[in-house]
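So the structure is just underneath, and the comments pick up after that.
These numbers were taken from a predicted model, which means no experiment stands behind them.
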Amino acid sequence: MSETTGKNVVSLLEEHVDLAISTVKKLRDEKLGLEAEIARLNSDVVERDAKIQELENLNSDLREASELARLATEEERAGIRRQLEGLMDGLVEPEGASAGPDKTADSSEDEVLFKAKS
């Protein structure tokens with residue numbers, strides 16, 4: 001019986017060793033799969049970081065362009081306002097009054113054209 005018991009014990013040990021070997025192989029395969037997934041996810045993170053940086057740069061450029069456009073619009077409005085004030089001053093001035101030293105030739109031409117149209 002001891003020989004049969006020894007064979008049974010050896011047989012059980014062989015089964016456990018085979019099970020352990022298959023478990024190790026399975027774990028290695030899973031590890032490789034997980035490492036591949038981690039590499040893919042890291043690549044995705046790098047791509048997304050690059051895209052975020054690109055969008056932040058674009059956003060900064062757009063803000064700068066918007067600010068420049070706003071400043072240009074303000075300057076244009078100020079110029080139009082000055083022109084309108086000059087025209088209004090010309091309309092308010094009584095006829096025959098001399099143009100002050102700060103009046104330009106353009107305002108005088110505008111006044112003449114306006115009077116000619118009237």
Side-chain angles (χ1 to χ4, degrees):
M1 278 221 170
S2 72
E3 191 175 316
T4 308
T5 305
K7 286 183 182 181
N8 286 340
V9 169
V10 170
S11 177
L12 284 173
L13 286 174
E14 286 176 350
E15 287 177 22
H16 283 284
V17 169
D18 288 342
L19 181 61
I21 290 171
S22 69
T23 302
V24 168
K25 286 180 181 179
K26 180 181 173 187
L27 290 173
R28 278 188 188 150
D29 291 343
E30 288 177 3
K31 179 185 173 195
L32 291 175
L34 290 172
E35 287 173 346
E37 181 70 10
I38 288 169
R40 186 187 65 78
L41 291 173
N42 283 334
S43 174
D44 287 352
V45 168
V46 169
E47 286 178 25
R48 287 182 184 165
D49 284 348
K51 184 67 175 176
I52 288 170
Q53 186 62 46
E54 180 183 326
L55 290 173
E56 286 175 348
N57 291 340
L58 177 61
N59 189 29
S60 176
D61 292 346
L62 290 174
R63 282 183 183 161
E64 185 177 325
S66 174
E67 181 64 17
L68 290 174
R70 186 188 65 77
L71 290 173
T73 301
E74 285 179 8
E75 288 177 14
E76 184 179 355
R77 285 181 182 171
I80 291 171
R81 187 175 293 119
R82 284 191 298 274
Q83 288 178 350
L84 285 174
E85 287 172 354
L87 289 173
M88 296 291 283
D89 289 344
L91 290 175
V92 171
E93 230 177 73
E95 285 193 31
S98 65
D102 60 338
K103 297 289 182 180
T104 63
D106 290 337
S107 335
S108 299
E109 288 178 22
D110 290 340
E111 289 175 339
V112 170
L113 288 173
F114 181 75
K115 289 178 184 175
K117 288 181 181 177
S118 300

Side-chain touch [X]/[Y], heavy atoms, less than 4.5 angstrom:
X	Y	answer
Val46	Asn42	no
Glu15	Leu19	no
Arg28	Val24	yes

Between atom [atom1] of [X] and atom [atom2] of [Y], what is the distance when rounded to the nearest 0.5 Å?
X	Y	atom1	atom2	answer
Thr5	Leu12	OG1	CG	11.0 Å
Arg82	Asp89	CZ	CG	13.5 Å
Leu13	Asn8	CG	CG	11.0 Å
Arg40	Glu35	CZ	CD	15.0 Å
Thr23	His16	OG1	NE2	11.5 Å
Leu27	Ser22	CG	OG	9.5 Å

Count the heavy atoms of every other residue, nucleotide or ligand shown that sit under 6.0 Å from [atom1] of [X], and state whether that count exceeds 12.
X	atom1	answer
Glu64	CD	no
Glu76	CD	no
Arg63	CZ	no

Begin with the C-alpha distance, continue with both residues' side-chain angles, and end with the deciding distance and a verdict on side chain to side chain donor-acceptor pair (under 3.5 Å) for Asp49 and Gln53. CA-CA 6 Å; Asp49 284 348; Gln53 186 62 46; over 6 Å; no

Between [X] and [Y], is there a side-chain N and carboxylate O pair less than 4.0 Å apart?
X	Y	value
Arg81	Glu85	no
Lys7	Glu3	yes
Glu74	Arg77	no

Do the side chain of Thr73 and the main chain of Ala69 share a donor and acceptor less than 3.5 angstrom apart?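 Here the side-chain-to-backbone pair exists.
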
